[in-house]
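Everything below concerns the one structure shown next.
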Amino acid sequence: DSGVTQTPKHLITATGQRVTLRCSPRSGDLSVYWYQQSLDQGLQFLIQYYNGEERAKGNILERFSAQQFPDLHSELNLSSLELGDSALYFCASSVVGNSYNEQFFGPGTRLTVL
Amino acid sequence: DQQVKQNSPSLSVQEGRISILNCDYTNSMFDYFLWYKKYPAEGPTFLISISSIKDKNEDGRFTVFLNKSAKHLSLHIVPSQPGDSAVYFCAASATGTASKLTFGTGTRLQVTL
């Protein structure tokens, strides 16, 4: 158990809909990261937050947005969903946000868009 | 543009033998490298890391080797155990990129009895 929790575990929805994925980092970790893993692909970095502020952005679509709240939990919002958005979405956390900290991953949310 | 490549999608090794997983990268700015292990229905679990100032890091049965000139790293598992059967991801980050990790596509290791 990494200490990172993600809800829900599974999500099935229809094209055009909007969903929210939630992540609680390990106790004491200030940095939260979101990654997307499509079928047979590596994890693709989406976005990072550090202590409530956006720190870095990756290949995140404009239809996607995220935020980190004062209690450090984070939410990833996906809107106008398309079939291609079906993937595993992982949240990770680390103590700080520099290059030399390993990230601890949650169990992921499997999103299926029908 | 795949900056981190794991060219072997799968590897099968007998229990007790050495497993060698390989990873190549193209971005010369990468200076920190990590290996993660992933079981089905779970998130990746950190295994071992190495910074670019070293060429080897060891932790129990796991050793990571870094060859900067070849932009190549490898993970050695000795001896391999059935519980090591999982997908292994290589990842890299660069100073100043706020620890964004760039992952390879993974190698599925199967350790047979």
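Naming convention: chains lettered A, B, ... in sequence-line order (proteins, then strands); numbering from 1 in each chain.
The 12-atom threshold is not exceeded at CZ of A:Arg110, counting heavy atoms of other residues, nucleotides or ligands nearer than 6.0 Å. Residue-environment remark: CZ (B:Arg17) stays at or below the threshold of 12 foreign heavy atoms within 6.0 Å. The number of heavy atoms from other shown groups lying within 6.0 Å of CZ (A:Arg63) is above 12. The number of heavy atoms from other shown groups lying within 6.0 Å of CG (A:Asp71) is above 12.
Between B:Tyr36 and A:Phe105, the distance from one ring center to the other falls under 6.0 angstrom.
Between chain B and the residues A:Ala92, A:Ser2, A:Gly42, the most heavy-atom pairs under 4.5 angstrom are made by A:Gly42.
Shown here for B:Phe46 and A:Gln103, the closest heavy-atom pair between the two residues is CB-O, 4.4 Å. Scanning both residues, B:Gly43 and A:Phe90, for their nearest heavy atoms gives CA-CE2, 3.5 Å. Shortest non-hydrogen contact noted between A:Tyr35 and B:Lys100 is OH-C, 4.4 Å.
Within the 4.5 Å cutoff, the side chain of A:Leu43 has heavy atoms near those of the B:Pro44 side chain.
Residue A:Gln6 does not touch chain B at all, counting heavy-atom pairs closer than 4.5 Å. In this structure, no portion of B:Ala91 lies under 4.5 Å from any heavy atom of chain A.
Residues B:Phe33 and B:Phe62 share a hydrophobic cluster, clusters being chains of Ile/Leu/Val/Met/Phe/Trp/Tyr side chains in contact below 4.5 Å. By the criterion of side-chain heavy atoms lying less than 4.5 angstrom apart, applied directly or through intervening Ile, Leu, Val, Met, Phe, Trp or Tyr residues, A:Ile47 is grouped together with A:Phe64 in one hydrophobic cluster. In the hydrophobic clustering of this structure, A:Val4 does not group with A:Leu111; members are Ile, Leu, Val, Met, Phe, Trp, Tyr whose side-chain heavy atoms approach within less than 4.5 Å, directly or through other members.
One finds the CD atom of A:Glu102 at 12.0 Å from the OG1 atom of B:Thr45 (value rounded to the nearest 0.5 Å).
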